[in-house]
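Everything numeric here is computed off the predicted structure, so don't read it as measured data. Below, all heavy atoms of this structure are taken into account, side chains as well, without hydrogens, waters or symmetry copies.
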Amino acid sequence: MTTIFQFQEWLTNHSERAETALDSLLDSAQTTPKRLHEAMRYAAQGGGKRIRPLLVYAAGSLGDAKAQALDAAAVAIECIHAYSLVHDDLPCMDDDDLRRGRPTVHKAFDEATALLVGDALQTRAFEILANAQCEVDVRLLMISSLAAASGSRGMAGGQAIDLESVGKTLDLAGLKQMHAMKTGALLSCAVELGGIAAHLNPTQMAQLQKYSTALGLAFQIVDDVLDATADSQTLGKTAGKDAAANKPTYVTLMGLDYAQQQAKELQEAAIASLTDFGSKADALKDLALLVVNRAK
C-alpha cells in the first residue's frame with residue numbers, strides 16, 4: 001500500500017527537531033560572558049521559518065545521513081543565517097529596528113554586542129561542524145561548503161553588491177547575480193549540506209544543485225514581492241524598506257506581475273529537477289511550494 005506523504009506533519013516534526021538541536025548546540029545563556037550568550041540565543045532562537053535547517057533535513061533524507069550530522073549541519077547554517085541578519089540590521093548596513101516581530105539585537109542590547117553576536121555565531125557554526133558526529137571527510141566537505149557560501153563569493157559578497165547598488169540601476173543579470181550570492185548561496189548550501197551528509201553521488205548532487213539554484217532565486221524574488229506588498233506586522237520586519245532605500249529589486253526593475261510569474265516558473269523548475277529521486281524528494285518539493293507561496 002502506498003503511503004501518502006504528510007507534509008504538515010513532517011514540517012512540524014522537523015521544525016521542532018531544529019529548535020531542539022539549536023537549544024542543545026548553542027551555549028547556555030549562563031555561560032560567561034552571560035550578556036553575549038544571552039544575545040546569541042536571542043538572535044538565533046527568536047522565531048523564523050527555519051527554511052535552511054528544513055532543507056538540510058529534507059536533502060539528508062535522500063540518502064543514509066546520520067542524524068547527528070544533519071542536526072549539526074542544520075544548526076550551523078542557521079547560526080550563519082542568524083549572524084547575517086544581526087549584522088544586516090545594524091545602522092551601518094540596512095539600519096532596521098524590527099526583526100521577526102521584535103526589536104533587532106542592537107536595539108534589544110546594543111550595537112557593540114550585536115557586532116560580537118554576529119562574530120560569535122559565525123565561529124560557533126564552524127565549531128559545530130568540526131565536532132559533528134560523522135566521518136572526517138563529511139565534516140570537511142560540510143565546512144568547506146558553508147565557508148564558501150558564507151564568504152566574499154557568496155552571502156557576504158552579495159551583501160556588498162547590495163550596498164553598492166543603492167540608488168543605482170542594475171540590469172536583470174546583475175540583479176540575478178546579487179540575489180544568487182546574497183540569498184541563494186546559503187539556501188543552496190543548506191541543500192548541499194544535506195546531500196553531503198547523505199553521501200549522495202555527483203549526479204545526484206548536480207540535480208540538487210539545479211533545485212537549490214532555482215529555489216534560492218525564487219526565495220529572494222518572493223522577498224522582493226512581499227517587501228512591496230505586505231505590511232510590517234505581517235512581515236515581522238519593516239515593510240517597504242527596499243523602495244525607501246532606492247534599492248534595485250525584481251519588483252522595481254521588472255514589475256510586480258513579472259516578479260510573481262518568475263517566482264512561479266522557478267518553483268516549477270526546482271520541483272522538476274527532483275524527478276529522479278521519486279517520492280524520497282517529497283519534502284523538498286513541498287518546501288519549494290512553501291517558499292513561493294508564503295505570506296511572509
Table please: side-chain donor-acceptor pairs of residues 147-155 below 3.5 Å, with sequence neighbours left out.
from: Ser150; atom 1: OG; to: Leu146; atom 2: O; distance (Å): 2.6

Show the atom names and distances, to 0.1 Å, of all donor-acceptor pairs under 3.5 Å that link a side chain in residues 253-261 to residues at least two apart or in another chain.
from: Gln261; atom 1: NE2; to: Glu265; atom 2: OE2; distance (Å): 3.1

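The two residues Ser188 and Ser212 have their closest heavy-atom pair at OG-OG, 3.3 Å. The two atoms that bring Ser145 and Cys189 nearest to each other are OG-SG, 3.4 Å, heavy atoms only. Contact between Leu70 and Gly194 at its shortest, heavy atoms only, is CD2-CA, 4.2 Å. The shortest heavy-atom contact between Ala283 and Ala58 is CB-CB, 3.8 Å. Closest of all the heavy-atom pairs between Thr32 and His37 is O-CE1, 3.4 Å. The shortest heavy-atom contact between His87 and Leu115 is NE2-O, 3.1 Å.
Rounding to the nearest 0.5 Å gives a distance of 9.5 Å between CG of Leu129 and CD1 of Ile196. Note that OG1 of Thr123 and CD1 of Ile128 are 9.5 Å apart. Values are rounded to the nearest 0.5 Å. From Cys79, atom SG reaches atom CE of Met40 across 7.0 Å, with rounding to the nearest 0.5 Å. Distance check, rounded to the nearest 0.5 Å: CG of Asp223 to NE2 of His179 gives 8.5 Å. How far CG of Leu54 is from CG of Leu290: 8.0 Å, rounded to the nearest 0.5 Å. Here the CG atom belonging to Leu289 is positioned 4.5 Å from the CD atom belonging to Gln267, to the nearest 0.5 angstrom.
Here the side chain of Gln45 pairs no donor or acceptor atom with the backbone of Ala43 at under 3.5 angstrom. In this structure, the side chain of Thr275 engages the main chain of Ala272 through a donor-acceptor pair within 3.5 Å. A donor-acceptor pair is defined here as one N or O able to donate and one able to accept, closer than 3.5 Å; such a pair exists between the side chain of Thr104 and the backbone of Asp96.
There is a path of hydrophobic side-chain contacts, each under 4.5 Å, that joins Ile143 to Met205. Both Leu217 and Leu172 are members of a single hydrophobic cluster when ILVMFWY side chains are connected at heavy-atom separations under 4.5 Å. Leu85 and Val222 fall into different hydrophobic clusters, defined by Ile, Leu, Val, Met, Phe, Trp and Tyr side-chain heavy atoms under 4.5 Å apart, directly or through other members. The same ILVMFWY cluster, assembled from side-chain heavy atoms under 4.5 Å apart, contains both Tyr42 and Val117. Hydrophobic clustering of Ile, Leu, Val, Met, Phe, Trp and Tyr side chains at less than 4.5 Å, counting indirect connections, unites Leu274 with Leu215.
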Start with the C-alpha distance between Lys176 and Tyr250, add both sets of side-chain angles, then the distance that settles side chain to side chain contact (heavy atoms under 4.5 Å, CB included), and finish with yes or no. CA-CA 9 Å; Lys176 283 184 177 180; Tyr250 261 79; 2.9 Å; yes

Give the intermediate values and the outcome of side-chain hydrogen bond (donor to acceptor under 3.5 Å, both in side chains) for residues Tyr83 and Asp119. CA-CA 7 Å; Tyr83 120 69; Asp119 293 343; over 6 Å; no

Please step through side-chain hydrogen bond (donor to acceptor under 3.5 Å, both in side chains) for the pair Gln209 and Thr213, ending with a clear verdict. CA-CA 6 Å; Gln209 179 64 39; Thr213 298; 2.9 Å; yes

Walk me through it: do Asp89 and Val105 pass the test side chain to side chain contact (heavy atoms under 4.5 Å, CB included)? CA-CA 8 Å; Asp89 291 333; Val105 175; over 6 Å; no

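Phe109 has its side chain within reach of Glu38: a pair of non-hydrogen atoms, C-beta onward, lies under 4.5 Å apart. Leu284 is listed as a side-chain neighbour of Leu208, based on a closest heavy-atom distance under 4.5 Å. Residues Lys66 and Val138 form no side-chain contact, since every pair of their non-hydrogen atoms from C-beta on lies 4.5 Å or further apart. In this structure, Asp71 and Arg17 have side chains that are in contact, with non-hydrogen atoms separated by less than 4.5 Å. Thr249 is not listed as a side-chain neighbour of Asp227, based on a closest heavy-atom distance of 4.5 Å or more. Residues His106 and Thr113 are not in side-chain contact: their nearest non-hydrogen atoms beyond the backbone lie 4.5 Å or more apart. Considering only heavy atoms from C-beta on, Asp282 comes within 4.5 Å of Ser279 through its side chain. Counting only heavy atoms from C-beta outward, the side chains of Arg50 and Glu19 approach each other to under 4.5 Å.
Among residue pairs with one or both ends in residues 178-195, those qualifying as salt bridge (Lys or Arg N to Asp or Glu O under 4.0 Å) are Asp162-Lys182; sequence neighbours excluded.
Scanning for side chain to side chain contact (heavy atoms under 4.5 Å, CB included) contacts around Arg139 gives Ala132, Cys134, Val136, with sequence neighbours left out. Residues satisfying the salt bridge (Lys or Arg N to Asp or Glu O under 4.0 Å) criterion with Glu127, sequence neighbours excluded, are Arg124. When the side chain to side chain contact (heavy atoms under 4.5 Å, CB included) test is applied to Thr12, the partners found at least two apart in sequence or on another chain are Gln8, Glu16. Listed by chain and number, the residues in a side chain to side chain contact (heavy atoms under 4.5 Å, CB included) with Asp137 are Glu135 (sequence neighbours excluded). For Phe219, there are no ring-ring contact (aromatic ring centres under 6.0 Å, His included) partners, not counting sequence neighbours. Every residue was checked against the ring-ring contact (aromatic ring centres under 6.0 Å, His included) condition with Tyr211, not counting sequence neighbours, and none meets it. With sequence neighbours excluded, no residue satisfies ring-ring contact (aromatic ring centres under 6.0 Å, His included) with Phe126. Contacts of Phe277 classified as ring-ring contact (aromatic ring centres under 6.0 Å, His included), with partners at least two apart in sequence or in another chain: none. Scored by the side chain to side chain contact (heavy atoms under 4.5 Å, CB included) test, Ala82 finds Ala44, Leu121 as partners (sequence neighbours excluded).
Contact check on Arg35 versus Asp110 returns a salt bridge, with a Lys/Arg side-chain nitrogen under 4.0 Å from an Asp/Glu carboxylate oxygen. The pair Arg41-Asp27 does not count as a salt bridge, with every side-chain nitrogen at least 4.0 angstrom from each carboxylate oxygen.
Counting heavy-atom neighbours within 6.0 Å of Glu268 CD, excluding the residue itself, gives a total above 12.
Using the six-membered ring where Trp is involved, Trp10 and Phe7 have ring planes that are parallel, under 30° apart on the 30 and 60° scheme.
Partner of Leu55 under the side chain to side chain contact (heavy atoms under 4.5 Å, CB included) criterion, chosen from Ile77, Leu186, Leu287: Leu287.
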